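Ligands are counted one by one from 1 in listed order, and the atoms in each one are counted from 1 as well. Computed from a predicted structure; not experimentally measured. Reckoned from all heavy atoms, side chains included, excluding hydrogens, waters and symmetry mates.
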Amino acid sequence: MKTTIWTVDKNVDKQEGYQQIAQAAHFLKENEVIAFPTETVYGLGGNAKSDVAVAKIFAAKGRPSDNPLIMHIADKNQLKDIVEEIPEKAHLLIDQFWPGPLTIIFRKKEGVLSEKATAGLPTVAVRMPDHPIALALIAESGLPIAAPSANRSGKPSPTTANHVFEDLDGRIPGIVDGGSTGVGVESTVVDCTEEIPTILRPGGITKEQLEAVVGEVRVDPALADENQAPKAPGMKYKHYAPNAPLYLVNGTQSFIQKLVDEKQKQGQVVGVLTTEEHQGDYRADYIFACGRRSDLKTVANFLYKVLRSFNRSSVDVIYSEMFPTEGVGQAIMNRLMKAAGGKIIEETSEK
Ligand code: TXA
Ligand code: MG
């Protein structure tokens, strides 16, 4: 299959941009799947009402069929067509954060969406992305669009059209290229089917931001405990993993340097994941700076790009600095822990 790339200016008002969007939307209406930018990461979209389209999404990604998709809408009015009810707290969150990087879980309206899209669950995940191209494409298709991140399953999510191309060239008919995404990590997933909202996946909107709107918010305890099954099926999979083993290091730069030196002495090629502030502190084969520690949003922004860069280098092992779990740091550490398969080296325990 040939993969067409439509380059669209983020300002899709231009007539030319609209023609490209219309072409891409035509594919969606024909139950084909198309990758497109959102404000978080690129999504791989298909008609959420069609088993045929949804099956193509799972096939292109190599995604396990028990992992439900997020439905993307372009207009808040589309919500009532797919959910059974909109609880009061969900209303408040929608007013505050849509369009934006917040996915809300509702009880679903039966018989509307493809059962494959919701993995047969009684609930459905919905979000309205804050990206002019995503909104124009969804509106033009006239459909709710089921869209997981547009990576091959297990790989870091794509933050550029080029990342999508790396993973899905020849497997999908088209990619709408709207440049780099903004947030860099996926949306926060919050379950609003019970009285107290529960975060199932930390992301672009922080716990603190949610609490400012709806009061108490819980975090799925399984996120901090490997022995529990997470409520978001996708959170149980090892994700974002670079090809080489990655270790998170809870320690100083000089401790990390010691680890690097030891491996290099054994003839290994070593990578370090750091930030602009500490970039000059290391001697290693590959040193990738992931934004600025003083502004964690920039770390989120570059995280997946850096994880993909390690895959293009020939590293045998990667050591990564850790980050505070405040604000978007929670999402950053959640993804890094997954990339590391939970492996942490503590400086204190080594002394
Ligand atoms: O930012 C994002 O959310 C991106 C962009 C493309 O919108 N999408 C994305 O989708 O990250 P995906 O499929 O990679 O992740 C969806 C997550 C998975 O962990 C899945 O298990 C969970 O949402 N999920 C979907 N429906 C659910 C449901 N009904 N109950 C619990 N978890 C659900
Ligand atoms: Mg994903």
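- Close to ligand 1: Pro233, with a non-hydrogen atom less than 4.0 angstrom away.
- Per-residue contacts place Thr123 under 4.0 angstrom from the following atoms of ligand 1 (heavy atoms of the residue considered): 28 (C), 29 (N), 30 (N).
- Among all non-hydrogen protein atoms, the one lying nearest atom 22 (C) of ligand 1 is Ala232 CB, 4.0 Å.
- Atoms of ligand 1 found under 4.0 Å from any heavy atom of Ile105, numbered from 1 in the order shown, are 27 (C), 28 (C), 30 (N), 31 (C), 32 (N), 33 (C).
- No side-chain heavy atom of Leu93 sits less than 4.5 Å from a side-chain heavy atom of Trp98.
- Note that CD of Glu110 and OG1 of Thr118 are 8.0 Å apart. Values are rounded to the nearest 0.5 Å.
- Residue Ile70 touches ligand 1 through its side chain alone, judged by heavy-atom distances below 4.0 Å.
- At a cut-off of 2.8 Å, Ser153 does not coordinate the Mg ion (ligand 2) through any N, O or S atom.
- Considering backbone and side-chain N/O atoms, Thr40 comes within less than 3.5 Å of an N/O atom of ligand 1.
- The protein heavy-atom contact nearest to atom 19 (O) of ligand 1 is Gly234 CA, 3.4 Å.
- Interface of Ser187 with ligand 1, defined as ligand atoms under 4.0 Å from a residue heavy atom, comprises 1 (O), 2 (C), 3 (O).
- Among the atoms of Val41, none of the N or O lies under 3.5 angstrom from an N or O of ligand 1.
- Proximity to Leu69 (heavy-atom distance under 4.0 Å) selects the following atoms of ligand 1: 25 (C), 26 (N).
- Within ligand 1, the atoms closer than 4.0 Å to a non-hydrogen atom of Asn67 are 18 (C), 20 (C), 21 (O), numbered from 1 in the order shown.
- Note: Trp6 and Phe36 fail the aromatic proximity criterion, with ring centroids not under 6.0 Å apart.
- Checking only distances, Arg201 does come within under 3.5 Å of ligand 1, N or O to N or O.
- Separation of atoms OG (Ser294) and CD (Glu276) is listed at 8.0 Å; rounding is to 0.5 Å.
- Neither the backbone nor the side chain of Arg107 has any atom closer than 4.0 Å to an atom of ligand 1 (non-hydrogen atoms only).
- Under the 3.5 Å distance criterion, the side-chain polar atoms of Lys61 are matched with a main-chain donor or acceptor of Ser149.
- Among Pro68, Gly184, Pro129, Pro122, the residue whose heavy atom lies closest to atom 33 (C) of ligand 1 is Pro68.
- One finds the CD1 atom of Ile256 at 7.0 Å from the OG1 atom of Thr274 (value rounded to the nearest 0.5 Å).
- From Phe302, atom CZ reaches atom CG of Leu273 across 12.5 Å, with rounding to the nearest 0.5 Å.
- Residue-ligand proximity, Ala125 to ligand 1, at heavy-atom distances under 4.0 Å covers atoms 25 (C), 26 (N), 27 (C).
- Applying the 6.0 Å contact sphere to CD of Glu194 captures no more than 12 heavy atoms from other residues, nucleotides or ligands.
- Proximity annotation for atom 8 (N) of ligand 1: of Ala147, Pro64, Gly43, Ala147 comes nearest, heavy atoms only.
- Scanning the protein heavy atoms around atom 13 (O) of ligand 1, the nearest turns out to be Arg63 NH2, 2.9 Å.
- Separation of the Tyr286 and Phe310 ring centroids does not fall under the 6.0 Å cut-off.
- Residue Arg127 places a heavy atom under 4.0 Å from ligand 1.
- The ligand atoms of ligand 1 that sit less than 4.0 angstrom from a heavy atom of Leu200 are 31 (C).
- The distance from ligand 1 to the heavy atoms of His72 drops below 4.0 Å at these ligand atoms: 5 (C), 6 (C), 7 (O).
- What sits closest to atom 14 (O) of ligand 1 on the protein, heavy atoms only, is Ser149 OG, 3.0 Å.
- With a 6.0 Å radius and a threshold of 12 heavy atoms from other residues, nucleotides or ligands, Lys258 has its NZ atom at or below the threshold.
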